[in-house]
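To start, the structure itself, in structure tokens.
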Amino acid sequence: MPIVIDPTPEHIAQACVALKQGKLVAIPTETVYGLAANATDDKAVARIFEAKGRPSFNPLIIHIPSLDKAETFVTITPQAEKVAEAFWPGPLTMILPQKPHSPISKLASSGLQTLAIRMPSHPVARALLKELDFPLAAPSANRSGHISPTNPSHVMKSLGDKVDFILADGQTHHGVESTIIDLSRNKPVLLRYGSILKHEIEAIIGPVLTPEEITKNTQITAPGQLESHYAPHLPVRLNVTTPQKGEAFLTFGPVLKKDDTVFALSDKGDLIEAAANLFKLLYEADNPEKFTSIAVMPIPRQGLGLAINDRLTRAAADKSP
Ligand code: TXA
Ligand code: MG
């Protein structure tokens, strides 16, 4: 069972130690409880997906303590600066272009070139973030498909011993997840409704589109642009046991011959390790100067393997012209 602690300074320090060790800590925010882990640690992030039993890797929101810190990871556009000034800290997430050498786990951002980033206002979340020297990836602290938790007992019921610590601070204030605004496109788009309203954002930066409006708007080329997916340059072949000459080979389990065409997701056949390595290795293998395509060994379709297969299927499908 998780260790449930109230947010005294000693307990916050204890939670920081756990997070530094790559553990999962459920934390209160002003919206809902988040399942937090070190956003720069692939393995810790993989544990989030495993704990939630998520069948696909949705990109996660990255929580930061200040606008300065945000600038380490994303480009703060003039619009973003205004939005941050108006609504941060608070229940608003911005999608912004990610900086090229950002240390955020590619699993956390699903290999996208953008990043969802937010500065929470909850004093416990802020205390943690100030003390840590890395940001926190934190989706809502519930099993996939369950409702978002607004108090510690929800977290306990939904995740139980999947989480190491619960920082318990009663009921959350807003009870719905943060508003998400995408500022990485040519026009601002509201991706998720939350307690900061469209007209409040429009008062700061002018017209904001909703996903429904995008389909009608010719300036944004395709509604498919809104889908989060990772498309490698090279074709991807799945369920391959024997790769062809010239192919990069993503392997799962013990490999007899290891050379520079082999990218081992997990030698041990461990799904958490494979998930942690997935996006990183897809990036490395996606090198048209060295390889003709990417072949991937079969990955078991169970547990975290469902999420891995989901992302691989998208990566494979996206190559069709
Ligand atoms: O209030 C909240 O935002 C809570 C608390 C814990 O902070 N967190 C939360 O996170 O709701 P999560 O991971 O459940 O929601 C993340 C949402 C998903 O719908 C995901 O698709 C979207 O953000 N998202 C993340 N990165 C994105 C990106 N680069 N582009 C578009 N959407 C993105
Ligand atoms: Mg959620």
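In this chain, numbering begins with 1 at the start of the sequence shown.
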May I ask you to decide whether [X] forms a salt bridge with [Y], counting only side-chain N to carboxylate O separations under 4.0 Å?
X: Glu202; Y: Lys198; value: yes
X: Asp41; Y: Arg47; value: no
X: Arg118; Y: Glu177; value: no

Checking [Y] against [X]: is there a side-chain donor and acceptor pair closer than 3.5 Å?
X: Asp68; Y: Ser66; value: no
X: Asp6; Y: His11; value: yes
X: Ser195; Y: His174; value: yes
X: Thr93; Y: Ser178; value: yes

Sorted by chain and residue number, the side-chain contact (heavy atoms from CB on, under 4.5 Å) partners of Ala26 (sequence neighbours excluded) come out as Ala141, Val155, Val163, Ile166
Considering residues at least two apart in sequence or located in another chain, which fulfil the side-chain contact (heavy atoms from CB on, under 4.5 Å) criterion with Pro7?
Ile12, Val124, Leu167, Asp169
Check for a donor-acceptor pair, side chain of [X] on one end and backbone N or O of [Y] on the other, with a separation under 3.5 Å.
X: Ser184; Y: Pro97; value: no
X: Thr40; Y: Phe134; value: no
X: Thr179; Y: Gly194; value: yes
X: His63; Y: Met119; value: no
X: Ser102; Y: Gln98; value: no
X: Glu30; Y: Ser121; value: yes
X: Lys43; Y: Gly22; value: no
X: Thr29; Y: Thr31; value: yes
X: Asp164; Y: Ala18; value: no
X: Lys99; Y: Glu71; value: yes

Heavy-atom closest pair, residues [X] and [Y]:
X: Leu304; Y: Ile272; value: CD2-CA, 3.8 Å
X: Leu107; Y: Ala275; value: CD2-O, 3.5 Å
X: Pro89; Y: Arg126; value: CB-NH1, 3.6 Å

Side-chain contact test, heavy atoms from C-beta onward, threshold under 4.5 Å: evaluate it for [X] versus [Y] and give yes or no.
X: Lys20; Y: Val17; value: no
X: Asp182; Y: Pro188; value: no
X: Ile48; Y: Leu60; value: yes
X: Ile294; Y: Leu282; value: yes
X: Leu128; Y: Leu19; value: yes
X: Phe252; Y: Pro298; value: no
X: Val189; Y: Val208; value: no
X: Phe73; Y: Pro135; value: yes

Would you mind listing every salt bridge (Lys or Arg N to Asp or Glu O under 4.0 Å) that reaches into residues 237-246, with sequence neighbours excluded?
Arg237-Glu247
Do Val262 and Leu250 pass the side-chain contact (heavy atoms from CB on, under 4.5 Å) test, and can you show the C-alpha distance, the side-chain angles, and the key distance before you say yes or no?
CA-CA 6 Å; Val262 170; Leu250 258 65; over 6 Å; no
Report the C-alpha separation of Ile104 and Ile62 in whole Å, then their side-chain angles, then the decisive distance to 0.1 Å, and conclude whether the side-chain contact (heavy atoms from CB on, under 4.5 Å) test is met.
CA-CA 9 Å; Ile104 300 292; Ile62 307 305; 3.9 Å; yes
Does the ring center of Phe57 lie less than 6.0 Å from the ring center of Phe49?
yes
Path from Leu129 to Ile117 over hydrophobic side-chain contacts below 4.5 Å
no
Tell me whether Ile196 shares a hydrophobic cluster with Ile181, the cluster being built from Ile, Leu, Val, Met, Phe, Trp, Tyr side chains joined at under 4.5 Å.
yes
What do you reckon, is CD1 of Ile147 surrounded by more than 12 foreign heavy atoms closer than 6.0 Å?
no
Would you indicate whether Gln113, at its atom CD, is surrounded by more than 12 heavy atoms from other residues, nucleotides or ligands within a distance under 6.0 Å?
no
Lys/Arg cation over aromatic Phe165: Lys23, 6.0 Å, 45° cone:
no
